[in-house]
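Here the structure is laid out as structure tokens; the discussion comes afterwards.
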There are 2 protein chains.
Amino acid sequence: MKSILKRKNISETPFRKSVLEIISDSSSAVSISYIENKLGEYNRVTLYRTIKTFLETGIIHSISIAGEDLRYAMCEDTCQQDNHIHNHLHLQCTQCNSVYCVDLPADSFINKSNHLIDSFEVHAKGVCEHCQ
Amino acid sequence: MKSILKRKNISETPFRKSVLEIISDSSSAVSISYIENKLGEYNRVTLYRTIKTFLETGIIHSISIAGEDLRYAMCEDTCQQDNHIHNHLHLQCTQCNSVYCVDLPADSFINKSNHLIDSFEVHAKGVCEHCQ
DNA sequence: CTTATATTTGCATCACAGTTGCAAATATAT
DNA sequence: ATATATTTGCAACTGTGATGCAAATATAAG
């Protein structure tokens, strides 16, 4: 089977493979600095460009939490190049601070306002499975 | 009746009053650059410090959307100094790009995962009332 | 397997957001 | 009206992310 990089039609370089592995090996969403620590030696510019490429090709999506660094997680197959909002829940654990993506069916609240909702994403705080 | 600034126990200065007025006068959440435009002449450092103070005292909260500047909106009375996550929906209009805070009752999805959810916030994309 | 072309990498350098220390100015309390 | 506490403005700094370009590497074609 073709690698993710090949499937997304971008060159398969050692650096890209390392970054992809770090992100997909983690069960929770990771920050740039987490990736930097895992990489050891690396080039800052190349890392930023790699993240940008992964975002643009729909390999990863970013999770934005007020007051914290952006975090990145693998995309589902449903993810589009131009819209990375996932209909799922982003849970940040108040104990370990990890952020998990949790699948969620489109729900009742969607029609509770006067706005027409296309896609949504829930940011939640609580205690994750592992910390309970 | 005491002003918001007095109630929150911080000095009432002309600059703070202007910034507060700009945020509370807007029906949707505003970015720093929006505030800067409205202010005309101002000091960058003072603005950042003002925003920080407002966040810390629970006067405003920030809304973080991946790939976009942070936006700020007035807090509800329920807002705490240390946790600015609101149990409400942040709707970004795909037409006008405005972000609105929409009240939302704690909902069924809260117990659909194995995590213990304390507070949540929904980021949604769609078309706002005004653009329909 | 070799070569030509396209893509990516690393370097130097820049742009910009946000922060800090400190002295002057302003707000609050007495 | 004055003393004290707080805020403001300035200059300078830090860290994140971007850009142009030449060298290195990956892919496609024979």
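Not measured: the values here are computed from a predicted model. Labels below follow one simple rule: chain letters A, B, ... track the order of the sequence lines, proteins then strands, and each chain is numbered from 1.
For the pair B:E12 CD and C:dA29 C1', the computed distance is 15 Å after rounding to whole Å. Atom CD of A:E36 is separated from atom P of D:dG15 by 12 Å (rounded to the nearest Å). In this structure, B:L70 atom CG and C:dG18 atom P are separated by 7 Å, rounded to whole Å. In this structure, B:E56 places its CD atom 10 Å from P of C:dT19, rounding to the nearest Å. In this structure, A:L47 places its CG atom 9 Å from P of D:dG17, rounding to the nearest Å.
The shortest distance between side-chain heavy atoms of B:L5 and B:F54 falls below 4.5 Å. Between B:S64 and B:L70, some side-chain heavy-atom pair lies under the 4.5 Å cut-off. Residues A:C128 and A:S98 have side chains not in contact (no heavy-atom distance under 4.5 Å, counting atoms from C-beta outward).
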Using residues 15-24 of chain A as the side-chain source, report each donor-acceptor pair under 3.5 Å to any protein atom, sequence neighbours left out, with the distance given to one decimal.
| unit_1 | atom_1 | unit_2 | atom_2 | d |
| --- | --- | --- | --- | --- |
| A:R16 | NH1 | A:S11 | O | 2.9 |
| A:S18 | OG | A:P14 | O | 2.9 |
| A:S24 | OG | A:L20 | O | 3.0 |

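B:Y48 has no side-chain polar atom (N or O) that falls below the 4.0 Å cut-off from OP1 or OP2 of C:dT19. Proximity of B:K6 to the phosphate of C:dT28: a side-chain N or O atom is located under 4.0 Å from OP1 or OP2.
Taking both residues in full, the closest heavy atoms of B:G58 and B:K8 are given as O-NZ, 3.8 Å, listed atom of the first, atom of the second, then distance. The two atoms that bring A:I10 and A:T53 nearest to each other are CD1-CG2, 3.9 Å, heavy atoms only. Annotation for B:S33 and B:D69: closest pair OG-OD2, 4.4 Å, computed over non-hydrogen atoms.
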### Task
Applying side chain to side chain contact (heavy atoms under 4.5 Å, CB included), run through A:M74 and A:I60 and close with a yes or a no.
CA-CA 4 Å; A:M74 300 300 293; A:I60 61 173; 4.2 Å; yes
### Task
Evaluate the criterion side chain to side chain contact (heavy atoms under 4.5 Å, CB included) for residue pair A:N43 and A:Y48; output intermediate values, then yes/no.
CA-CA 9 Å; A:N43 181 279; A:Y48 284 120; over 6 Å; no
## Note on the structure
Heavy-atom contacts, protein to nucleotides 3-14 of chain C, under 4.0 Å, summarised as B (base), S (sugar-phosphate only) or - (none) per nt, yield ----SSBBBB--
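Less than 4.0 Å separates DNA chain D from no heavy atom of any residue of residues 17-26 of chain B.
Screening residues 26-51 of chain B for salt bridge (charged side-chain N to carboxylate O under 4.0 Å, His left out) gives no qualifying pairs among residues at least two apart or on separate chains.
Each end of the helix from C:dC1-D:dG30 to C:dT30-D:dA1 gets its own axis from five base pairs, and the two axes differ in direction by 50°, given to 10 degrees.
Residues passing the side-chain hydrogen bond (donor to acceptor under 3.5 Å, both in side chains) test with B:S27: none are found, sequence neighbours excluded.
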